[in-house]
There are 2 protein chains.
Amino acid sequence: MIGYRELRLKLTPQRIAILDYLKDNIEHPSADDIYKAVSLKYPTMSFATVYNTLEALRKKGGVTELTIDATKKRFDPNTKPHHHLICIECRRIVDIDVTYDLTLSGEKKSGFDIVGNHIEFYGICPECKDHHHNPKKEN
Amino acid sequence: MIGYRELRLKLTPQRIAILDYLKDNIEHPSADDIYKAVSLKYPTMSFATVYNTLEALRKKGGVTELTIDATKKRFDPNTKPHHHLICIECRRIVDIDVTYDLTLSGEKKSGFDIVGNHIEFYGICPECKDHHHNPKKEN
DNA sequence: CTGGCTGCAAATCTTTTGCATCCTG
DNA sequence: CAGGATGCAAAAGATTTGCAGCCAG
């Protein structure tokens with residue numbers, strides 16, 4: 001994730017706690033995950049502050065909103081272009097650092113100006129395969 | 001979309017209305033879109049029935065849930081494998097029928113059994129480019 | 001100092017659920 | 001006729017908002 005300085009945000013203790021939690025975090029946490037974790041240090045932390053901070057971060061390019069999960073947003077502090085591998089059983093999300101050539105021919109663009117892409121790979125993770133851990137969603 | 005018979009669902013007038021609305025629909029409507037449209041014909045239609053029917057359809061493979069939109073699920077009656085092109089301004093979603101070779105090398109799979117993939121292309125649609133129509137979400 | 005940030009609570013939006021009644025197969 | 005479907009309303013979650021008071025720059 002981008003460092004504190006480059007973000008040019010007013011740095012409050014709450015924001016620093018959120019930034020510290022997100023730094024090097026590869027769990028793709030939800031707002032609630034962040035709220036729970038940071039509340040341990042700041043019991044007065046509110047959702048408003050979590051969402052405000054995430055939105056401020058997003059606007060500065062410090063975090064990406066993932067729409068991978070149907071029930072809630074997840075947030076990714078890794079803002080380098082990359083893809084994701086999602087366990088369809090437990091919803092765990094793993095980063096995929098592979099580059100693919102995904103050009104769209106002119107006729108397939110429907111007149112859009114293309115600005116990016118994102119691949120979701122679906123699968124079953126080793127834990128769910130072996131022991132049927134955390135079956136959070138049936139299919 | 002799959003025909004009525006193959007679905008093996010108990011066919012009520014409400015379900016037929018929902019199936020008719022979804023047939024050949026390429027708008028990727030939300031549950032609310034479906035509710036609003038079908039309510040015109042069945043004023044007593046309820047969200048419970050819309051969600052029940054969509055869930056029944058999904059289990060039979062008659063519809064796919066899209067998690068492309070951060071604020072709500074969208075539903076796609078086109079269940080053939082395909083990808084999507086999303087306007088980052090107005091959130092319009094267009095089908096992309098192109099096949100890509102997206103194999104993941106063993107070391108990149110993190111032990112997952114891969115079962116599928118989905119590409120989201122992001123761009124700006126012609127309408128938003130030319131006239132800044134429907135700016136539903138700022139970035 | 002002052003504009004932006006925080007925290008609380010209420011509001012909003014989407015989706016789910018309980019339950020009595022209805023109707024398809 | 002029986003089991004599944006409907007409709008209504010209430011509940012559950014996630015996210016947003018209004019606002020008074022606070023504090024980083």
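In what follows, chains carry the letters A, B, and so on, assigned in the order in which the sequence lines appear, proteins first and then strands, with residues in each chain numbered from 1.
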(message) Assess the residue pair Glu127(B) and Arg92(B) against the criterion (salt bridge (Lys or Arg N to Asp or Glu O under 4.0 Å)); give the C-alpha distance rounded to whole Å, side-chain angles, the decisive distance to 0.1 Å, and a yes or no.
(response) CA-CA 10 Å; Glu127(B) 287 71 25; Arg92(B) 187 153 70 95; 3.0 Å; yes

(message) Taking any heavy-atom pair under 4.0 Å as a contact, classify Ala31(B): base, sugar-phosphate, or nothing.
(response) sugar-phosphate

(request) Would you kindly give the OH-to-P distance between Tyr51(B) and dT14(C), to the nearest whole Å? (result) 8 Å

(request) Consider only side-chain N and O atoms of His118(B) and His83(B), and report whether a donor and an acceptor are under 3.5 Å apart. (result) no

(request) For Ile18(B) and dT6(D), give me the distance from atom CD1 to atom P, rounded to whole Å. (result) 7 Å

(message) Without decimals, in angstroms, what is the distance between Phe47(A) CZ and dC5(C) P?
(response) 20 Å

(message) Distance check needed: dC23(C) C1' versus Arg15(B) CZ, whole Å only.
(response) 12 Å

(message) Between Lys73(A) and dT16(D), is there a contact of a side-chain N or O with OP1 or OP2 at under 4.0 Å?
(response) yes

(message) Distance check needed: dT15(D) P versus Leu54(A) CG, whole Å only.
(response) 10 Å

(message) Whole angstroms only, please: what is the OH-P distance between Tyr35(B) and dC13(C)?
(response) 15 Å

(request) Heavy atoms only: give me the nearest Leu22(A)-Pro77(A) pair and the separation to one decimal. (result) O-CG, 3.2 Å

(message) Heavy atoms only, 4.0 Å cut-off, all strands: where does Thr71(A) land among base, sugar-phosphate and nothing?
(response) sugar-phosphate

(message) Considering every strand and a 4.0 Å limit on heavy-atom distances, what is the contact class for Lys10(B): base, sugar-phosphate, or nothing?
(response) base

(request) Quick one: pull up CG in Asp69(A) and OG in Ser30(A) and give me the separation to the nearest 0.5 Å. (result) 8.0 Å

(request) Report the residue (Asp32(B) or Pro13(A)) whose heavy-atom-nearest nucleotide on DNA chain C is the more 5′ of the two. (result) Pro13(A)

(request) Using atom NZ of Lys36(B) as one end and atom C1' of dT14(C) as the other, report the distance to the nearest whole Å. (result) 11 Å

(message) Does a side-chain N or O of Gln14(B) approach OP1 or OP2 of dC23(C) to a distance below 4.0 Å, or not?
(response) no

(request) Figure out the OH/P separation between Tyr4(A) and dG25(D), and round it to whole Å. (result) 13 Å

(message) Is it true that Tyr4(B) and Asp20(B) share a donor-acceptor pair across their side chains at a distance under 3.5 Å?
(response) yes

